[in-house]
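Read through the structure below, which is laid out as structure tokens, and then see the notes.
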Amino acid sequence: MQMKQMFKFIVVGASAAMAFSSASVMAADMTGAGATFPYPIYAKWAETYKANTGNGLNYQSVGSGAGIKQIKAKTVEFGASDMPLKAEELDEAGLMQFPAIMGGVVTIVNLDGVTPGQLKMTGKVVADIYLGKITKWSAPEIAALNTGVKLPDTEITVVHRADGSGTSFLFTDFLSKTNPEFKSKIGAGSAVKWVVGVGGKGNEGVAANVQRIKGSIGYVEWAYAKKNKMSHTQLQNKDGNFLQPDDDNFKAAAASAPWAQTPGFGVVLTDQAGKNSWPITGVSFILMHKVQPDAAKAKEVLKFFDWAYKNGGPAAVELDYVPMPASVVKLVQDSWKANLKDSSGKAIY
């Protein structure tokens, strides 16, 4: 399935006949921009929500970095980022954030003769590849993890994100936790200084490059890998177990997350302990201004995500995301009441 970088669900105005009906209500259009990680589920939710309510969503899948810039510039009603903003940055920009959905990031490869999920990798080995220290698929470090797998004696082409990316933050955060040299030389961030490789814009760009280049390795959100039938790898988690990506393993990583104790819900779920915890599990966050000059539009955004929390679970699971637990949804709704106000100081939700 070909993924697009941007989707739009545009509100259709009321017809002339409806205009004369006292019951007719003009549909509302919401605007958002940011992370590509949650694009598939936001697209599905928006499609269903519009069919049910008539209200549309115009969401630009442009990467977390661009989404943060756009919400700070007040050009959209909400931004989306897979890298949580720290409390001081939220306060400085007058923003609040809340979690919308969880999922997993996977490493993907383009290797002849290697089936999806067959290859085993560790964070240390992947980090050494992205440091340019391991350059061939036949390297002893990779071969030692994959006894019985026929590995080609070909060069490795590294593929990474070219834009500011929450997916990159999750990936580099995991590599930094498992490889001290990677942490010191590259580190964790949404935009880092890569030392080798080619860039792709968005999950779509990385996936396209890996599909095109034989011998390549990249990282994308699990839904992209699965929908595009890409060859993912197993990853070793903190407990030493090699796992396949799936909903249960994403849930396991999130099971003990300290949502209530973390300012701005800024939980990072990489390299969590637990035998079934997928090591690159992440949360996608929504950013909104605490003071809303257009309270009606802000309320529509909250109504959309409230609907998604209550009704979007089955679609999320179908697309291999993990819905937010009911206990976390309650915390989020309480935060809406406490933090989101109109220009007069009245609560919006």
Side-chain angles (χ1 to χ4, degrees), residues 9 11 24-35 38 42 45-46 49-50 52-60 62 64-102 166 190 257-268 283-312 323-349:
F9 292 90
V11 179
S24 69
V25 179
M26 182 68 76
D29 193 14
M30 297 163 280
T31 61
Y42 288 178
W45 282 348
Y49 188 72
K50 186 182 178 186
N52 290 342
T53 67
N55 295 336
L57 173 64
N58 175 348
Y59 179 79
Q60 299 176 18
V62 291
S64 296
I68 292 169
K69 288 179 181 178
Q70 288 202 39
I71 187 61
K72 285 184 175 180
K74 300 183 180 181
T75 58
V76 289
E77 270 92 64
F78 70 89
S81 174
D82 306 323
M83 180 183 73
L85 270 60
K86 294 180 179 179
E88 52 267 31
E89 186 174 1
L90 290 169
D91 290 342
E92 183 181 352
L95 296 169
M96 63 93 68
Q97 74 185 358
F98 58 89
I101 197 72
M102 297 181 288
S190 60
W259 298 106
Q261 296 77 34
T262 307
F265 300 106
V267 171
V268 178
V283 185
S284 200
F285 298 90
I286 299 301
L287 299 163
M288 295 182 69
H289 284 278
K290 290 182 179 180
V291 178
Q292 292 284 339
D294 191 332
K297 281 193 173 182
K299 191 169 184 177
E300 287 302 323
V301 173
L302 298 183
K303 285 168 67 176
F304 172 77
F305 284 104
D306 182 64
W307 174 91
Y309 285 143
K310 293 174 181 175
N311 304 284
M324 301 309 301
S327 58
V328 178
V329 172
K330 177 63 166 60
L331 291 172
V332 168
Q333 291 171 331
D334 289 345
S335 77
W336 290 348
K337 295 174 185 176
N339 292 301
L340 291 170
K341 315 285 184 181
D342 64 16
S343 54
S344 69
K346 183 181 177 182
I348 290 173
Y349 181 75

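- Between I71 and H289, the closest heavy-atom pair is O-NE2, 2.6 Å.
- Here the closest non-hydrogen pair linking D29 and G56 is OD1-O, 3.3 Å.
- To the nearest 0.5 Å, the span separating NZ on K330 from CE on M324 amounts to 15.0 Å.
- Atom CG in N311 sits 7.5 Å away from atom CG in N52 (nearest 0.5 Å).
- With 3.5 Å as the limit, one finds a donor-acceptor pair spanning the side chains of S284 and D82.
- Using a 4.5 Å cut-off on side-chain heavy atoms (C-beta onward), P323 and Y309 make no contact.
- Taking the ring-ring contact (aromatic ring centres under 6.0 Å, His included) definition, one finds that Y49 meets it with F304, W307, sequence neighbours left out.
- Residue Q97 holds its CD atom at 9.5 Å from CE of M83, rounded to the nearest 0.5 Å.
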(request) Take Q60 and Q70 through the side chain to side chain contact (heavy atoms under 4.5 Å, CB included) test and state the conclusion after the steps. (result) CA-CA 10 Å; Q60 299 176 18; Q70 288 202 39; 3.5 Å; yes
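- Across all non-hydrogen atoms, the minimal contact from A35 to S64 is CB-OG, 3.5 Å.
- Expressed to the nearest 0.5 Å, how far CE of M30 lies from CG of L57 amounts to 5.5 Å.
- No side-chain heavy atom of P84 sits under 4.5 Å from any side-chain heavy atom of V267.
- Crowding of K69 atom NZ: a count of heavy atoms from other residues, nucleotides or ligands under 6.0 Å not exceeding 12.
- In this structure, L90 and M96 have side chains that are not in contact, with every pair of non-hydrogen atoms separated by 4.5 Å or more.
- A side-chain donor-acceptor contact under 3.5 Å links E77 to the backbone of T31.
- Here the NZ atom belonging to K303 is positioned 6.5 Å from the CG atom belonging to N55, to the nearest 0.5 angstrom.
- A heavy-atom distance below 4.5 Å is found between the side chains of V332 and F265.
- Residues forming a ring-ring contact (aromatic ring centres under 6.0 Å, His included) with W336 (at least two apart in sequence, or on another chain): F98, Y349.
- Across all non-hydrogen atoms, the minimal contact from Y42 to A80 is CE1-CB, 4.4 Å.
- Distance alone, capped at 3.5 Å, places no donor-acceptor pair between the D306 side chain and the L302 backbone.
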(request) Verify salt bridge (charged side-chain N to carboxylate O under 4.0 Å, His left out) between D91 and K290, making sure each step is shown before the conclusion. (result) CA-CA 9 Å; D91 290 342; K290 290 182 179 180; 3.7 Å; yes
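- Scanning both residues, V328 and P99, for their nearest heavy atoms gives CG1-CG, 4.0 Å.
- Side-chain atoms of K299 and I348, non-hydrogen and from C-beta on, do get closer than 4.5 Å to each other.
- Using a 4.5 Å heavy-atom threshold, the side chains of M288 and L340 count as touching.
- Atoms CG and NZ, from L85 and K72 in turn, are 5.5 Å apart once rounded to the nearest 0.5 Å.
- In plain terms, the two heavy atoms of F305 and A100 that are nearest each other are CE2-CB, 4.1 Å.
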